[in-house]
2 protein chains.
Amino acid sequence: MALKRNIESIVVNGASMFLPSVSVDCVIFGFHDNEMKVLLLQMKHTDEYGLPGGFVLKDEALDAAATRVLQERTGLTDIFLQQFATFGEPKRSDKKFHLKAMKKEGITIDKNNWLLQRFITVGYYALVDFSKVIPKIDELSIGCSWFHLQNVPTLMMDHNLILNKALETMQQQINHQPIGYNLLPQKFTMPELQKLYEAILNKKLDRRNFQRKILVYGILKKLKEVKQGVAHKAPFLYSFDIKKYNQALKNGYTGGW
Amino acid sequence: MALKRNIESIVVNGASMFLPSVSVDCVIFGFHDNEMKVLLLQMKHTDEYGLPGGFVLKDEALDAAATRVLQERTGLTDIFLQQFATFGEPKRSDKKFHLKAMKKEGITIDKNNWLLQRFITVGYYALVDFSKVIPKIDELSIGCSWFHLQNVPTLMMDHNLILNKALETMQQQINHQPIGYNLLPQKFTMPELQKLYEAILNKKLDRRNFQRKILVYGILKKLKEVKQGVAHKAPFLYSFDIKKYNQALKNGYTGGW
DNA sequence: ACAAAAGTGTTACTTTTACACCCATGA
DNA sequence: TCATGGGTGTAAAAGTAACACTTTTGT
């Protein structure tokens, strides 16, 4: 039972490997079928759903830990990752979950084991290219798959809260920063980009006004090609002007005082 | 030496009192003399300056820990506090500081003492009524006083980074949320409020446009009094319509998509 | 009487919203 | 040929920016 040994090793050696009390959780967003999706794990033993998360190595930056979690669950490196909040209610920790899980694994765990201590968690959200993701379960889960945002089940612990906060943050940031480079294929159409915005904001936008506004930002390059093999009139393809895109990412769009 | 014993007790008992690896730091803003000020500590032994901070009790929420730190340094309860970011570079921890300080205190500290471990810190910013604050030093500092924002010295560890991030966050939020209730006396004049905005944003605003815009938010009540004992024409006094103010705090002003 | 700060309104400009017709394509 | 979705412009409305004169008060 390699898996069991793996878990056992974490339970036993975790205290010496990881920064105590701290975890990271990742809200991984993807875009597919004109819908925003989020990547969730289904837990072994309890069957609850939850966000992909992990612990922080003793000498690892928080951002690096989140990047690692992301890499492990999606196979992707080099994605857009943003810290958005830290959750630290004492009651948010769920000792019962680990106790139950370990019992079912047949692993004895001491009451004072590091895993059963209180944890605070640093929330990150990630924007990834749905089509490039190969979801992978971790040791404690039996499923890792995409859920439509409107269709997210009840999650373990405070993960619904974390997910909602991530979504709110992204909805805010969309007003100050470009978005989409990490969510869309390299070439995309204006209607696709609009659908992305609509999915994130969960509301309809006017086609003409959307196009005008987004073009003014100056982050798009209109290509000379049109999308092939579509029904109806073929829409033009665009790509991001990555230089200006990154500039806008850094400086924001402004507005306000 | 009551003080030494106090510190010693923290060094010795901290591991059982506090959540390991986690601290909070508070960027405490006040407004005085038409300037934004920030409350800084000067450290004993090293003379470095730093942000007021503290550790999180084993069963204490992060927010509660920040509130406690604030209360201890300013005497104030019930202030505006906002979490803005969490800092977790491994190299941000400064073992030397504690080692040096404890040595000078004449306290022996073990290399594995909890204080010398790596810490991540959760940043909060607070907006307080300058005139109501009675700065109090803590066990490890010899000074606690206000600094003009344009005049902040080099701070210990990554505290300059934390301070700048707090300021940036506040400058962003001022566009979406009302501000001032916690920074101004109950009754204030329009020019005073404008000076506050100018101090936060670090730029001049047009008097007439400022007044119009802020009035449209509907969070101000114009009083029938004018400010007494001032040179020149007496300005009207205003106060916040606290109900609408809090509503705006919750819902934000919108703008954007 | 004058210097210094506060009160107040209008106009031009920019941004946002609402809205409709023609075009290309696959079925 | 028609149903569907994509391309495009304009006019009204709202919001923002620029700007100057009058009032009050203390000295």
Side-chain angles (χ1 to χ4, degrees), chain A residues 33-35 171 174-176 178 180 184-185 187-199 201 203-239 248 252-257, chain B residues 33-35 171-172 174-178 180 184-185 187-199 201 203-239 248 252-257:
Chain A
D33 272 348
N34 293 338
E35 286 176 350
Q171 287 173 341
I174 207 174
N175 289 312
H176 307 297
L184 293 172
K187 298 174 180 184
F188 51 89
T189 67
M190 190 59 76
E192 282 166 356
L193 184 59
Q194 182 179 341
K195 293 271 167 49
L196 170 61
Y197 272 70
E198 291 179 339
L201 296 167
K203 69 173 166 191
K204 283 239 159 292
L205 301 171
D206 180 89
R207 272 189 312 137
R208 286 161 285 191
N209 295 336
F210 175 81
Q211 180 157 169
R212 188 176 322 122
K213 189 164 176 176
I214 202 101
L215 284 175
V216 170
Y217 291 156
I219 55 170
L220 292 181
K221 281 192 296 204
K222 186 172 186 170
L223 306 179
K224 298 220 165 76
E225 323 160 50
V226 293
K227 181 133 186 170
Q228 302 293 327
V230 289
H232 321 304
K233 182 168 183 176
F236 285 99
L237 287 169
Y238 290 81
S239 67
Y253 295 142
T254 74
W257 297 94
Chain B
D33 272 346
N34 294 338
E35 287 175 349
Q171 286 172 341
Q172 293 274 350
I174 207 174
N175 289 313
H176 307 297
Q177 296 192 342
L184 293 172
K187 298 173 179 184
F188 52 89
T189 68
M190 190 59 75
E192 282 166 355
L193 183 60
Q194 183 180 339
K195 294 270 169 47
L196 170 62
Y197 272 70
E198 290 179 339
L201 296 168
K203 68 175 166 188
K204 283 239 158 293
L205 301 172
D206 179 271
R207 269 185 319 132
R208 287 160 286 190
N209 295 336
F210 175 81
Q211 180 157 167
R212 188 177 320 120
K213 189 165 175 175
I214 202 102
L215 285 175
V216 169
Y217 290 156
I219 55 170
L220 292 181
K221 280 191 298 200
K222 185 172 186 171
L223 305 178
K224 298 223 166 73
E225 321 160 51
V226 293
K227 182 135 185 170
Q228 301 293 327
V230 288
H232 321 303
K233 183 170 184 176
F236 284 99
L237 287 169
Y238 289 80
S239 67
Y253 295 143
T254 73
W257 296 94

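Here is the naming used below: chain letters follow the sequence lines, and residue numbers restart at 1 for every chain.
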If you restrict it to nitrogen or oxygen atoms, what contacts under 3.5 Å exist between nucleotides 11-14 of chain C and the protein, and what is each distance?
none

* **ring pair (Phe, Tyr, Trp, His ring centres under 6.0 Å) partners for Phe188(A), two or more places apart** => Phe240(A)
* Length of the line joining Leu215(A):CG and dT15(C):P, which is rounded to integer Å -> 15 Å
* Structure fact -> The side chain to side chain donor-acceptor pair (under 3.5 Å) partners of Glu198(B) (sequence neighbours excluded) come to Gln194(B)
* To do: For Gln211(A) and dG9(D), give me the distance from atom CD to atom C1', rounded to whole Å.
  => 12 Å
Polar atoms only, N or O, under 3.5 Å: list the protein pairs with nucleotides 25-27 of chain C and their distances.
unit_1, atom_1, unit_2, atom_2, d
dT25(C), O4', His232(A), O, 3.3

* Please report, rounded to the nearest Å, how far the C1' atom of dA6(C) is from the CG atom of Leu237(B). => 13 Å
* **Approximate separation, where rounding is to 0.5 Å, of Arg212(A) CZ and Asp206(A) CG** => 8.0 Å
* Asked: Can you find an N or O donor on one side and an acceptor on the other, under 3.5 Å apart, linking the side chain of Arg208(B) with the base of dA17(D)?
  -> no
Under 3.5 Å, side-chain donor or acceptor atoms of residues 218-227 of chain A against the rest of the protein: list the pairs with distances, not counting sequence neighbours.
unit_1, atom_1, unit_2, atom_2, d
Glu225(A), OE1, Lys187(A), NZ, 3.3
Glu225(A), OE2, Lys187(A), NZ, 2.9
Lys227(A), NZ, Glu192(A), OE2, 2.7

* Give a yes/no answer on whether the side chain of Lys227(A) brings an N or O atom under 4.0 Å of OP1 or OP2 in dG7(D). => no
* For Asn34(B) against Ala199(B), the heavy-atom pair lying closest together -> O-CB, 4.1 Å
* Structure fact -> Separation of dT15(C) atom P from Ile214(A) atom CD1, nearest Å, is 16 Å
* Rounded interatomic separation in angstrom, taking OH from Tyr217(A) and P from dT15(C) -> 11 Å
* State, to 0.1 Å, how close Ile214(A) and Tyr197(A) come at their nearest heavy-atom pair, and which atoms those are. => CD1-OH, 3.5 Å
* To do: Quickly work out the Asn209(B) CG to dG9(C) P distance and round it to whole Å.
  => 14 Å
* Asked: Atom NZ of Lys213(A) to atom P of dG15(D): distance rounded to whole Å?
  -> 14 Å
* Using side chain to side chain donor-acceptor pair (under 3.5 Å) as the criterion, list what pairs up with Gln171(B), not counting sequence neighbours. => none
* Choose from dG7(C), dG7(D), dA20(C) the nucleotide whose nearest atom is closest to any side-chain atom of Arg207(B). => dG7(C)
* To do: Please name all residues satisfying ring pair (Phe, Tyr, Trp, His ring centres under 6.0 Å) with Tyr217(B), sequence neighbours left out, ordered by chain then number.
  => Tyr253(B)
* Asked: Glu35(B): what forms a side-chain contact (heavy atoms from CB on, under 4.5 Å) with it, not counting sequence neighbours?
  -> Lys37(B), His148(B)
* dT8(D) C1' sits how many Å from Lys222(A) NZ, rounded? -> 9 Å
